Amino acid sequence: MKNVLITGGAGFIGSHVVRLFVNKYPEYRIVNLDALTYAGNLANLRDVEDAPNYSFVKADICDFETLCRIFVQYDIDGVIHLAAESHVDRSIKDPFTFARTNVMGTLSLLEAARRHWGGDWEGKLFYHISTDEVYGALELDQPEGCAPYGSDFFRESTKYAPHSPYSASKAGSDHFVRAYHDTYGMPALVTNCSNNYGPYQFPEKLIPLFINNICKSKPLPIYGKGENVRDWLYVEDHARAIDLIFHRGRVGDTYNIGGFNEWKNIDIVHLLIRTVDRLLHRPEGASDHLITYVTDRAGHDLRYAIDATKLRNELGWEPTVQFELGIEKTVRWYLENQEWLDTVTSGDYRRYYEEMYR
Ligand code: NAD
Ligand code: TYD
């Protein structure tokens with residue numbers, strides 16, 4: 001495979017995937033297609049933007065004609081599809097945008113790939129990146145001997161039961177990808193991953209939002225009682241899994257990706273407070289007063305936990321970054337990249353790039 005289209009490459013996870021592929025595969029042409037929404041930021045890719053095997057195209061995945069042109073222009077043979085609206089709270093306020101981008105955008109991309117490949121599937125692959133949130137929510141129970149917060153896990157065989165407009169739209173996109181495989185024979189793959197954290201994550205998600213707020217001594221809004229559980233994975237471990245599955249995954253199959261790492265939100269908040277305060281040389285507990293319990297998120301899923309043994313057994317993948325160390329790395333990155341954080345939160349980078357690509 002030579003010409004790889006990565007959508008959403010200017011976003012959080014996408015930028016890590018682009019960086020990995022550009023550096024690791026100089027023989028590939030990596031085409032990063034991104035609409036540069038509020039979540040897309042080319043500053044995430046400064047270190048690779050001049051690489052000879054890298055190209056950026058500003059385009060919307062809902063713009064079918066443009067997609068068709070790009071497939072021809074770069075003679076794309078592999079797609080890694082990450083472009084999406086990705087934040088649950090935004091999906092509750094604005095579900096239409098999620099259906100448009102995540103469902104119609106994915107369908108447009110599939111159809112552009114199908115037209116370009118014209119039934120010649122040799123050496124082609126459409127790899128769709130999805131979320132564990134499509135499986136719904138798990139119970140919080142702690143029977144004797146069960147890993148930390150419950151006995152049940154999301155497996156590849158778990159039935160879809162999305163609750164939020166975000167997860168419903170991702171579920172819809174997953175179904176379309178599988179439909180293209182089953183109906184037209186398109187070589188396709190889907191992976192469903194747990195919550196990611198790490199550098200370049202937009203500060204609307206729990207971890208970067210709270211790091212930023214602790215730094216600036218702003219309130220930390222905890223939804224409900226902070227008892228909800230998520231399974232956290234360092235973003236570079238996710239990017240490594242994507243690389244492995246893109247090259248060695250079984251076509252037509254699904255793999256779950258997770259950190260084997262369940263945490264209650266409130267425990268993460270305490271860990272973040274301890275870490276930021278220590279690195280800023282503040283006295284222990286200095287930021288505890290910022291904790292603020294607020295009205296729960298509508299339809300807030302109680303617990304997510306991935307069983308990633310299939311990926312471990314079949315392809316030998318394991319998460320490598322231990323959570324407390326990953327949090328330390330992440331906090332240090334945000335502290336050292338205040339300028340990135342400030343421009344992203346002020347919207348300056350958007351104005352800059354909107355002018356550049358007008
Ligand atoms: P993100 O919001 O940081 O980035 C999304 C990117 O997609 C941005 O660069 C944005 O500009 C681009 N985009 C949005 N709409 C577009 C459109 N219409 N056309 C072209 N580009 C568009 O998201 P992320 O957290 O990096 O997530 C990437 C993918 O991984 C998503 O598909 C998401 O569902 C999935 N995922 C995320 C997580 C997580 O914890 N963040 C976990 C599992 C799966
Ligand atoms: P988030 O980072 O939005 O990821 P997701 O909803 O996709 O899991 O939220 C992670 C958890 O943190 C989730 O249980 C909601 C909670 N949360 C808060 O308590 N306060 C906040 O301000 C945010 C953004 C999230």
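Worth knowing before you read on, the calculation uses all heavy atoms, side chains too, and leaves out hydrogens, waters and symmetry mates. Starting from 1, each residue takes its place in the sequence as its number. Because the structure is a prediction, the values reported are computed rather than measured. First listed ligand is number 1; within each ligand, the first listed atom is number 1.
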Q: Using a 4.0 Å heavy-atom cut-off, which part of Phe210 comes near ligand 2: side chain, backbone, both, or neither?
A: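 It is the side chain that gets close, since no backbone atom is under 4.0 Å.
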
Q: Under 3.5 Å, side-chain donor or acceptor atoms of residues 179-189 against the rest of the protein: list the pairs with distances, not counting sequence neighbours.
A:
residue, atom, partner, partner atom, Å
Tyr180, OH, Glu111, OE1, 2.6
Thr183, OG1, Ala179, O, 2.7

Q: Find all atoms of ligand 2 within a distance of less than 4.0 Å from any non-hydrogen atom belonging to Asn265, and give their numbers and elements.
A: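 Close to Asn265: 11 (C), 12 (O), 13 (C), 14 (O), 16 (C).
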
Q: Taking only heavy atoms of Ile129, which atoms of ligand 1 are found under 4.0 Å from at least one of them?
A: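 The atoms of ligand 1 under 4.0 Å from a heavy atom of Ile129 are 30 (O), 32 (O).
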
Q: Partners of Arg155 by side chain to side chain contact (heavy atoms under 4.5 Å, CB included), sequence neighbours excluded?
A: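 So Arg155 forms a side chain to side chain contact (heavy atoms under 4.5 Å, CB included) with Asp152, Phe153, Ser157, Thr158, Asp307.
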
Q: Would Arg230 count as being in polar contact with ligand 2, using the rule that some N or O on each side must be under 3.5 angstrom apart?
A: yes

Q: Ligand 2 versus Ile207, non-hydrogen atoms closer than 4.0 Å: side chain, backbone, both, neither?
A: neither

Q: Glu204 heavy atoms, cut-off 4.0 Å: which ligand 2 atoms fall inside?
A: 24 (C)

Q: Set out, in order, the CA-CA distance, both residues' side-chain angles and the distance that settles salt bridge (Lys or Arg N to Asp or Glu O under 4.0 Å) for Arg19 and Asp47, then state yes or no.
A: CA-CA 8 Å; Arg19 178 174 299 102; Asp47 50 331; 2.7 Å; yes

Q: Could you list which atoms of ligand 2 come closer than 4.0 Å to a heavy atom of His300?
A: 13 (C), 14 (O), 15 (C)

Q: Are any of the N/O atoms in Lys205 less than 3.5 Å from those in ligand 2?
A: no

Q: Identify, by atom number and element, the atoms of ligand 2 in contact range of His87, meaning under 4.0 Å from any of its heavy atoms.
A: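 Near His87, meaning under 4.0 Å from one of its heavy atoms, ligand 2 has 3 (O).
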
Q: So for ligand 2, is Tyr223 a polar contact partner (N or O within less than 3.5 Å, distance only)?
A: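 Indeed, backbone or side chain, Tyr223 has an N or O that close.
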
Q: Number the atoms of ligand 2 from 1 as they appear, then name those within less than 4.0 Å of a heavy atom of Leu209, with their elements.
A: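 By the 4.0 Å cutoff, the relevant atoms are 22 (O).
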
Q: Do any N/O atoms on Ile222 end up under 3.5 angstrom from N/O atoms on ligand 2?
A: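 For ligand 2, there is no N or O atom that lies under 3.5 Å from one belonging to Ile222.
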
Q: Quick one: look up the protein heavy atom nearest atom 7 (O) of ligand 2 and list residue, atom name and how far away it is.
A: Glu133 OE2, 2.6 Å

Q: If you count the atoms of ligand 2 from 1 in the order shown, which ones are under 4.0 Å from a heavy atom of Val88?
A: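 By the 4.0 Å cutoff, the relevant atoms are 6 (O), 7 (O).
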
